[in-house]
Amino acid sequence: MQRILQRYRELQDIIAILGIDELSEEDRVTVQRARRIERFLSHPMFVAQQFTGQPGVFVPLDETIASFKALTEGKYDHFPEQAFFMVGGIEDVEKKAKDLERS
């Protein structure tokens with residue numbers, strides 16, 4: 001996960017100057033996964049509940065590790081990036097992706 005995020009940081013200047021279309025296919029996949037990882041890191045926290053209006057969510061460590069491993073392996077590449085934002089576990093991502101498809 002750290003390698004993906006680090007490579008994404010390295011590619012950001014290239015993306016800003018030339019655009020994402022100029023990247024290799026491998027780098028585009030890396031960028032897409034890094035964006036999903038960043039959004040998945042933004043799950044609802046109990047301390048932020050009063051500011052976001054969303055109740056906090058507890059996700060067990062083993063489930064979190066398994067979810068990030070699956071993300072880095074590309075098992076959730078077919079889900080839109082928006083489905084990973086402000087959700088708890090990977091089940092919430094799947095539910096939000098279905099909701100996004102309907103709308």
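In this text the structure is predicted, and so the values were computed from the model without any measurement.
- No path of Ile, Leu, Val, Met, Phe, Trp and Tyr side chains, each step under 4.5 Å between heavy atoms, connects Val59 with Leu61, placing them in separate hydrophobic clusters.
- One finds the OG1 atom of Thr72 at 9.0 Å from the CE atom of Met1 (value rounded to the nearest 0.5 Å).
- If you chain together hydrophobic residues whose side chains sit under 4.5 Å apart, Leu11 and Ile4 never meet in one group.
- For Pro55, the side-chain contact (heavy atoms from CB on, under 4.5 Å) partners two or more places apart in sequence, or in a different chain, are Gln49.
- How far CD of Gln12 is from CD1 of Ile17: 12.0 Å, rounded to the nearest 0.5 Å.
- Counting heavy atoms from C-beta on, the side chains of Glu91 and Lys96 never come closer than 4.5 Å.
- Nearest heavy-atom pair across Ala34 and Leu5 is O-CD2, 3.8 Å.
- The distance from the CD1 atom of Ile90 to the CG atom of Leu71 is 5.0 Å, given to the nearest 0.5 Å.
- Surrounding CD of Glu73 are more than 12 heavy atoms belonging to other residues, nucleotides or ligands, all under 6.0 Å away.
- In this structure, Glu25 pairs ionically with Arg28, as a charged nitrogen and a carboxylate oxygen lie closer than 4.0 Å.
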Let me see the working for Lys95 and Asp99 under salt bridge (charged side-chain N to carboxylate O under 4.0 Å, His left out), right down to the final yes or no. CA-CA 6 Å; Lys95 182 180 180 288; Asp99 291 344; 3.6 Å; yes
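- In terms of heavy atoms, Val57 sits closest to Gly88 at CG1-CA, 3.6 Å.
- The structure places CE of Met45 at 12.0 Å from CD of Gln54, a figure rounded to the nearest 0.5 Å.
- For residues 74-103, the ring-ring contact (aromatic ring centres under 6.0 Å, His included) pairs, not counting sequence neighbours, are Tyr76-Phe79.
- At a threshold of 4.0 Å, the pair Glu101-Lys98 does not count as salt-bridged, since none of the basic side-chain nitrogens sits closer than that to a carboxylate oxygen.
- Atoms CZ and CD, from Arg39 and Glu81 in turn, are 4.5 Å apart once rounded to the nearest 0.5 Å.
- Minimum interatomic distance between Val87 and Asp92 (heavy atoms only, all atoms of both residues): CB-CB, 3.7 Å.
- Residues Arg9 and Gln6 have side chains that bring a donor and an acceptor to within less than 3.5 angstrom of each other.
- At least one side-chain heavy atom of Arg33 sits under 4.5 Å from a side-chain heavy atom of Asp77.
- A distance of 10.0 Å separates CG in Leu23 from CD in Gln32, rounded to the nearest 0.5 Å.
- Counting only heavy atoms from C-beta outward, the side chains of Glu22 and Ile14 never approach each other to under 4.5 Å.
- Within the structure, the ring-ring contact (aromatic ring centres under 6.0 Å, His included) test picks out the following pairs touching residues 21-65 (sequence neighbours left out): Phe40-Phe68.
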